[in-house]
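These notes are about the structure you will find just below.
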Amino acid sequence: QVQLVESGGGLVQAGGSLRLSCAASGSMININTMRWYRQAPGKQRELVAIASSGGSANFLDSVKGRFTISGDNAKNTVYLEMNSLTPEDTAVYYCAAWFNGRDYWGQGTQVTVSS
């Protein structure tokens with residue numbers, strides 16, 4: 001009943017920026033339940049960012065100060081703006097949303113940062 005589609009990934013040089021989008025369809029969801037995760041080669045999936053309606057956000061320590069999370073309720077979409085990217089940010093990035101008692105996940109979008 002909920003579908004999530006990530007977009008905006010790609011190849012970028014170190015120091016560059018990307019903006020990821022996660023669009024939800026099928027049902028209207030609370031945008032504040034949407035989070036960003038990533039999984040790098042050989043590593044476990046980790047939570048990257050989560051935001052609240054009050055404007056406060058939590059970030060993975062390694063991305064704090066470089067990444068920004070935001071949402072657009074009208075578009076049922078959450079964004080992850082990534083700045084000052086490093087090769088350690090290379091990963092598949094996923095969004096997740098809570099709806100009707102369970103989490104839904106997108107298919108992921110690849111982010112590759114070259115040195």
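For the numbers below, each heavy atom of this structure counts, side chains included, while hydrogens, waters and symmetry mates do not. Residue numbers start at 1 and run along the sequence shown.
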So OH of Tyr94 and CZ of Arg35: to nearest 0.5 Å the spacing works out to 14.5 Å

Nearest heavy-atom contact between Pro87 and Ala14 is CD-CB, 4.2 Å

Review point. Between the side chain of Asp72 and the main-chain N/O of Ile31, is any donor-acceptor distance below 3.5 Å?
Key: no

Can a donor-acceptor pair be found, under 3.5 Å and without considering hydrogens, that links the side chain of Glu6 to the backbone of Cys95?
yes

Practice prompt. Spell out, as yes or no, whether a donor-acceptor pair under 3.5 Å connects the side chain of Thr109 to the backbone of Gly9.
Written response: yes

When every non-hydrogen atom of Pro41 is compared with those of Thr90, the smallest separation belongs to CD-O, 4.2 Å

Subject >> Glu46 atom CD: more than 12 heavy-atom contacts under 6.0 Å >> reply: yes

Would you say that Leu60 contacts Phe67 through its side chain, given a criterion of any heavy-atom pair below 4.5 Å between the two side chains? no

### Query
Should Phe59 and Arg66 be marked as a side-chain contact (heavy atoms from CB on, under 4.5 Å) after you check the CA-CA gap, both sets of side-chain angles, and the distance that decides it?
CA-CA 10 Å; Phe59 295 93; Arg66 300 188 296 115; over 6 Å; no

Taking the side chain as every heavy atom from C-beta outward, state whether Asp89 and Met82 have any pair of such atoms under 4.5 Å apart. no

Is there side-chain contact between Trp36 and Cys22, with heavy atoms separated by less than 4.5 Å?
-> yes

**Item:** Side chain to side chain, Arg38 and Leu20, heavy atoms closer than 4.5 Å
**Value:** no

Original post:
Do any N or O atoms from the side chain of Thr33 and from the backbone of Ala97 form a donor-acceptor pair under 3.5 angstrom?
Top reply: no

Heavy-atom closest pair (Ala96 atom, Tyr37 atom, distance to 0.1 Å) is CB-CE1, 4.0 Å

Closest non-hydrogen contact found for Ile29 with Met34 is CD1-SD, 3.4 Å

